[in-house]
**Q** 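Got a structure for you, questions after.
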Amino acid sequence: MTAPRPAPESGAGERAGPAGALLDLALRAAARRAAEPGGILFTERQLYYELCRGLRPWHLAPRRLRFTARPPVRPAAFEAALRRAGDVPGLLPPAPAARRAPGRHTPEPDLFAYGLPRLLLCESDEIAAMLRANGLPMESACPVFGAAELPLDARVAGMLAHAERARVYVLHDASPAGLAFAARAAAEAGVPPGVAVVPIGLRPRQAGALHLPHRTGEEPGAPPPASCDTWEHRWLARGRGVEVAAVRPAALLRTVHRLVRGVRRAPPRAGRRQARASGFLTWPAA
């Protein structure tokens, strides 16, 4: 079920010119693609990038050619088209700005006596909400928290300490800020000593292999990690960044599930193109 959205702002009844009418058609098609397969719920940013992908299908280029591209649609034009569209099936409301208190919502104290083998931290609160809305915590047996929900409740952190070989996974943007979040996530979350912290992307080289739309004007921030290769250093030096939201919703759900559960199954060669379209992938190798 789609959550209710705020009432549209003034301009919801605005008329579109010929270019706007074409954009409106492309937006409706993008919403249908974003929800495939099975009625996936998605965020506004994910819908924006799906619209860009439909207008400029760079994702069909060979993955051995590593590049990202500027979005073909201005955010203001997308927002105008979204206002004209009204209710969009599958579109999630914006993540609430209010800070939640993770772990304090359950009246069952015995829950915290168990070990927790895995947990996912997301730089983006909206992506965290999207993963939860699509049932990933249940399917992957992996609680999901956004950056605004940190630090973790001490009892949740204690559950990680009780589990053998517990892991905390970090999902972040391919940007200086995203790489910095991955580096400080353990301290910010209050992860107990001895619990492995595993960044799972997005990395610049992964964004380049998927040919995702990039932002410009990113602040340099801290020096990139030593694991970044020459191409990534040059890409980051140009002030570029790619949001996790730029990954297709189906691909994001399948990828995160496979990475946090350690699944390494590859699709058959004959069905590889169809599998890629349905999101059956892992992050591409460098």
Side-chain angles (χ1 to χ4, degrees), residues 37-38 40-43 45-46 49 59 63 66 115-147 149-150 152 156 159-160 163-175 178-186 188-189 191 195-212 225 227-229 232 241-268 272 275-286:
I40 292 172
L41 304 177
F42 50 88
T43 70
R45 293 300 289 173
Q46 288 177 310
Y49 286 119
H59 61 287
R63 293 189 177 180
R66 195 191 298 183
L116 181 63
R118 65 186 67 88
L119 182 144
L120 176 64
L121 304 179
C122 300
E123 179 188 5
S124 166
D125 297 301
E126 292 210 339
I127 289 295
M130 177 265 182
L131 296 175
R132 289 193 293 258
N134 286 287
L136 184 127
M138 290 295 293
E139 182 180 356
S140 303
C142 180
V144 178
F145 296 93
E149 299 173 304
L150 304 181
L152 297 171
V156 174
M159 293 173 73
L160 291 167
E164 292 186 16
R165 297 185 294 277
R167 290 192 165 200
V168 172
Y169 297 91
V170 183
L171 183 65
H172 59 86
D173 291 346
S175 67
L179 294 171
F181 175 79
R184 70 172 188 273
E188 200 166 303
V191 175
V195 174
V197 178
V198 184
I200 59 174
L202 193 64
R203 292 289 299 269
R205 61 174 171 261
Q206 296 161 347
L210 294 171
H211 315 313
L212 300 176
S227 57
C228 285
D229 60 26
E232 290 180 298
V242 170
E243 299 177 71
V244 167
V247 179
R248 286 194 65 231
L252 179 65
L253 287 167
R254 286 180 176 265
T255 299
V256 171
H257 171 72
R258 294 178 65 182
L259 291 175
V260 301
R261 293 308 302 261
V263 179
R264 292 293 181 266
R265 184 164 57 94
R272 193 163 295 169
R276 182 186 298 183
S278 67
F280 190 100
L281 52 83
T282 57
W283 294 125

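Quantities reported herein were computed from a predicted structural model and do not represent experimental measurements.
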**Q** Can you find a heavy atom in the side chain of Val247 that is under 4.5 Å from one in the side chain of Thr255?
**A** no
**Q** Show me the side-chain donor-acceptor pairs of residues 164-171 shorter than 3.5 Å, one per line, residues at least two apart or across chains.
**A**
none

**Q** With a 4.5 Å heavy-atom cut-off, do Gln46 and Ile40 have their side chains touching?
**A** no
**Q** Let me see the working for Val156 and Leu119 under side-chain contact (heavy atoms from CB on, under 4.5 Å), right down to the final yes or no.
**A** CA-CA 10 Å; Val156 174; Leu119 182 144; 3.9 Å; yes
**Q** How long is the straight-line distance from CD1 of Ile127 back to CD of Glu243, given to the nearest 0.5 Å?
**A** 8.0 Å
**Q** Take Val256 and Ser140 through the test side-chain contact (heavy atoms from CB on, under 4.5 Å) and record every step on the way to the result.
**A** CA-CA 9 Å; Val256 171; Ser140 303; 5.9 Å; no
**Q** For Arg132 and Phe145, work out which heavy atoms get closest and say how close.
**A**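 Smallest heavy-atom distance, with atoms named: NH1-CA, 3.9 Å.
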**Q** Listed by chain and number, what are the side chain to side chain donor-acceptor pair (under 3.5 Å) partners of Glu188, not counting sequence neighbours?
**A**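 Listed in chain order: Arg184.
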**Q** Where do Arg205 and Glu232 come nearest, in terms of heavy atoms and distance?
**A**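 Minimum heavy-atom separation between Arg205 and Glu232: NH1-OE1, 2.9 Å.
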**Q** Check Leu179 against Cys228 and note the closest heavy-atom contact, atom names and distance.
**A**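 For Leu179 and Cys228, the tightest heavy-atom pair comes out as CD1-SG, 4.3 Å.
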**Q** Quick one: does Asn134's side chain have a donor or acceptor within less than 3.5 Å of a partner on Leu41's backbone?
**A**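 Such a contact is found between Asn134 side chain and Leu41 backbone.
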**Q** For the SG atom of Cys122 and the CD1 atom of Ile200, what is their distance to the nearest 0.5 Å?
**A**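 With rounding to 0.5 Å, SG (Cys122) is 7.5 Å from CD1 (Ile200).
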**Q** Rounded to the nearest 0.5 Å, how far apart are CE of Met130 and CG of Leu136?
**A** 9.0 Å
**Q** Hey, is the main chain of Ala147 close enough, under 3.5 Å, to the side chain of Asp125 for a donor-acceptor pair?
**A** yes
**Q** Hey, is Arg45 close enough to Glu126 for a salt bridge, meaning N to O under 4.0 Å?
**A** no
**Q** Work out which heavy atom in Pro199 is nearest to a heavy atom in Val197; give both atom names and the distance.
**A**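 Smallest heavy-atom distance, with atoms named: CD-O, 3.6 Å.
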**Q** Which atom names give the shortest non-hydrogen contact between Ala174 and Pro204, and what distance separates them?
**A** CB-N, 3.7 Å
**Q** Indicate the atoms forming the closest heavy-atom contact of Arg118 with Val260, along with that distance.
**A**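 For Arg118 and Val260, the tightest heavy-atom pair comes out as NE-O, 3.4 Å.
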**Q** Are any of the side-chain heavy atoms of Leu202 and His172 separated by less than 4.5 Å?
**A** no
**Q** Roughly how far apart are Asp173 CG and Phe181 CZ, rounded to 0.5 Å?
**A**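 Going from CG on Asp173 over to CZ on Phe181, the span is 10.0 Å.
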